[in-house]
Amino acid sequence: MSGELPPNINIKEPRWDQSTFVGRANHFFTVTDPRNILLTNEQLENARKVVHDYRQGIIPAGLTENELWRAKYVYDSAFHPDTGEKMTLIGRMSAQVPMNMTITGCMMTFYRTTPAVLFWQWINQSFNAVVNYTNRSGDAPLTVNELGTAYVSATTGAVATALGLNALTKHVSPLIGRFVPFAAVAAANCINIPLMRQRELKVGIPVTDENGTRLGESTKAAKQAITQVVISRILMAAPGMAIPPFIMNTLEKKAFLKRFPWMSAPIQVTLVGFCLVFATPLCCALFPQKSSMPVTSLEDELQASIQRSHPELRHVYFNKGL
């Protein structure tokens, strides 16, 4: 072992205190930084090597603490915390802002016709399906059949919801009509996330003690994890889909957009993007990534197993996903 960096920095946990909202927000502003999607495979592999080497007690000469933490966050932004696999680029949380600002901006611009609603809701729910699968909790893979069924069910249910809501608002004011995409997205999240993570609800997700020792799988932990993610995702979408409609409704009455109507989409995308830069990390921070629940809230069989092996344990921990 060489270098001046101490070997006992706990890079298994985030740099900031995750028991506070501010600490979690600092963590997620780093995790969701859109600049991370510009990193090359070489940079990602180098970050993985630095993290893995450090955990083995191998410290390169000259490595500073800030460089170590930077490597950890680059690694965390691209590799799944449970499986260690490199995540699909558009499924990473660092891709949330650029992808969502484009899709959401277009959903809110082209909402007046059924074909446009159908197309953009399908694009949005297909993207969400990728994100939900990529950021699932646990390390149990879905089979191809399970994944295909989940995708078709999630996108069909979400798109049908959007079309139904759109049909109900044909005779309301344009301003109210602009909120249809948000209502559809909120409803669709309640469908898409549980369906894409249905295996967790069937077989459970890993629960551990505070040191990371695996104790078993729990479907009750999975229900809590998925509920928290659904709430976060709905609130994450709210500012970008609730604030721009008021602004666009005013701007479209002005001479500028009447003269240059093609500017409506770029302006709306920019407004959504500005909201998402803040809403994405702040809403991810609403609940700890490493969530916990009392042992007494687990399934009876798992409770009995834990009480036999760890009689002093009062809470278990699990990765809730994002």
Legend entry - Ile37 versus Pro98, closest heavy-atom pair with distance: CD1-CG, 3.9 Å
Legend entry - Residue of the set Val272, Thr32, Asp33, Val277 for which side-chain contact (heavy atoms from CB on, under 4.5 Å) holds with Val97: Val277
Inset, instruction - Would you tell me whether Gln198 and Lys202 have side-chain atoms, one donor and one acceptor, within less than 3.5 Å of each other? - result: yes
Legend entry - Exercise: identify the closest heavy-atom pair between Asn26 and Thr30: O-OG1, 3.1 Å
Inset, instruction - For residues Phe28 and Gln289, report the shortest heavy-atom separation together with the two atoms involved. - result: CZ-OE1, 3.6 Å
Legend entry - 4.5 Å side-chain heavy-atom contact, Ile9 and Trp69: yes
Legend entry - Asp300, CG atom: more than 12 neighbouring heavy atoms under 6.0 Å: no
Legend entry - Val207 side chain reached by Leu302 side chain, heavy atoms, under 4.5 Å: yes
Legend entry - Transitive ILVMFWY side-chain link Trp120 to Ile90, under 4.5 Å: yes
Legend entry - Thr219-Glu299 side chain donor-acceptor pair, cut-off 3.5 Å: yes
Legend entry - Heavy-atom pair of closest approach, residues Ile205 and Ala225: CD1-CB, 4.1 Å
Legend entry - Worked verdict on Phe318 versus Ser218 for side-chain contact (heavy atoms from CB on, under 4.5 Å): CA-CA 9 Å; Phe318 53 90; Ser218 169; over 6 Å; no
Legend entry - Val74 side chain near Gln43 side chain, heavy-atom distance below 4.5 Å: no
Legend entry - Under 3.5 Å: donor-acceptor pair, side chain of Ser126, backbone of Trp122: yes
Inset, instruction - Mark yes or no for whether Lys72, through its side chain, and Ile11, through its backbone, hold a donor-acceptor pair below 3.5 Å. - result: yes
Legend entry - Co-membership, hydrophobic cluster, residues Met236 and Val230, 4.5 Å side-chain: no
Legend entry - Straight-line distance of Cys283 SG to Ile234 CD1, nearest 0.5 Å: 11.0 Å
Legend entry - Stepwise side-chain contact (heavy atoms from CB on, under 4.5 Å) check, Asp209 with Tyr317: CA-CA 6 Å; Asp209 62 17; Tyr317 301 87; 5.6 Å; no
Legend entry - Cluster overlap Leu286 with Phe29, hydrophobic side-chain contacts below 4.5 Å: yes
Legend entry - Asn211 (side chain) donor-acceptor with Thr213 (main chain) under 3.5 angstrom: no
Inset, instruction - Taking only Lys NZ, Arg NE, NH1 and NH2, and the carboxylate oxygens of Asp or Glu, determine whether Glu200 and Lys223 approach each other closer than 4.0 Å. - result: no
Legend entry - Glu67/Arg70 under salt bridge (Lys or Arg N to Asp or Glu O under 4.0 Å): CA gap, chis, key distance, verdict: CA-CA 5 Å; Glu67 289 171 342; Arg70 171 61 182 160; over 6 Å; no
Legend entry - Trace of the side chain to side chain donor-acceptor pair (under 3.5 Å) decision for Arg15 with Asn10: CA-CA 8 Å; Arg15 189 172 192 176; Asn10 184 12; over 6 Å; no
Inset, instruction - State yes or no: do Met99 and Ile193 share one hydrophobic cluster built from I, L, V, M, F, W and Y residues joined by side-chain heavy-atom distances below 4.5 Å, directly or via other members? - result: yes
Inset, instruction - Report yes if some heavy atom in the side chain of Pro34 is under 4.5 Å from a heavy atom in the side chain of Ser94; otherwise report no. - result: no
Inset, instruction - Give a yes or no on whether Leu89 and Leu39 share a hydrophobic cluster (residues Ile, Leu, Val, Met, Phe, Trp, Tyr; joining criterion: side-chain heavy atoms under 4.5 Å apart). - result: no
Inset, instruction - Decide whether Asp17 and Ser19 meet the rule of one side-chain donor and one side-chain acceptor closer than 3.5 Å. - result: yes
Legend entry - side-chain contact (heavy atoms from CB on, under 4.5 Å) between Met293 and Leu298, intermediate numbers included: CA-CA 8 Å; Met293 66 188 306; Leu298 297 170; 3.9 Å; yes
Legend entry - Check: Gln18 side chain, Pro288 main-chain N or O, donor-acceptor pair, under 3.5 Å: no
Inset, instruction - Heavy atoms only: give me the nearest Lys86-Asn41 pair and the separation to one decimal. - result: NZ-OD1, 3.2 Å
Legend entry - Backbone of Met93 reached by a side-chain donor or acceptor of Gln96 within 3.5 Å: no
Legend entry - Heavy-atom check, side chain of Pro294 versus side chain of Arg314, under 4.5 Å: no
Legend entry - Sub-4.5 Å side-chain heavy-atom contact between Val131 and Phe127: yes
Inset, instruction - Report yes or no: does Thr280 contribute a side-chain atom to a donor-acceptor pair with the main-chain N or O of Leu276 at less than 3.5 Å? - result: yes
Legend entry - Phe79 and Tyr75 aromatic ring geometry - parallel, tilted or perpendicular at 30°/60° bounds: parallel
Legend entry - Heavy-atom side-chain contact between Pro14 and Tyr73 under 4.5 Å: yes
Legend entry - Stepwise side-chain contact (heavy atoms from CB on, under 4.5 Å) check, Asn319 with Lys290: CA-CA 5 Å; Asn319 168 31; Lys290 184 180 179 180; over 6 Å; no
Legend entry - Pair Gln224-Ser291, side-chain donor/acceptor within less than 3.5 Å: no
Inset, instruction - Working to the nearest 0.5 Å, report the span between CD1 of Ile123 and OG1 of Thr102. - result: 11.5 Å
Legend entry - Validation row: Trp16, Arg24 side chains within 4.5 angstrom (heavy atoms): no
Inset, instruction - Heavy atoms only: give me the nearest Ala47-Ala71 pair and the separation to one decimal. - result: CB-O, 3.5 Å
Inset, instruction - Starting at NZ of Lys320, measure out to CD1 of Ile226 and round the result to the nearest 0.5 Å. - result: 11.5 Å
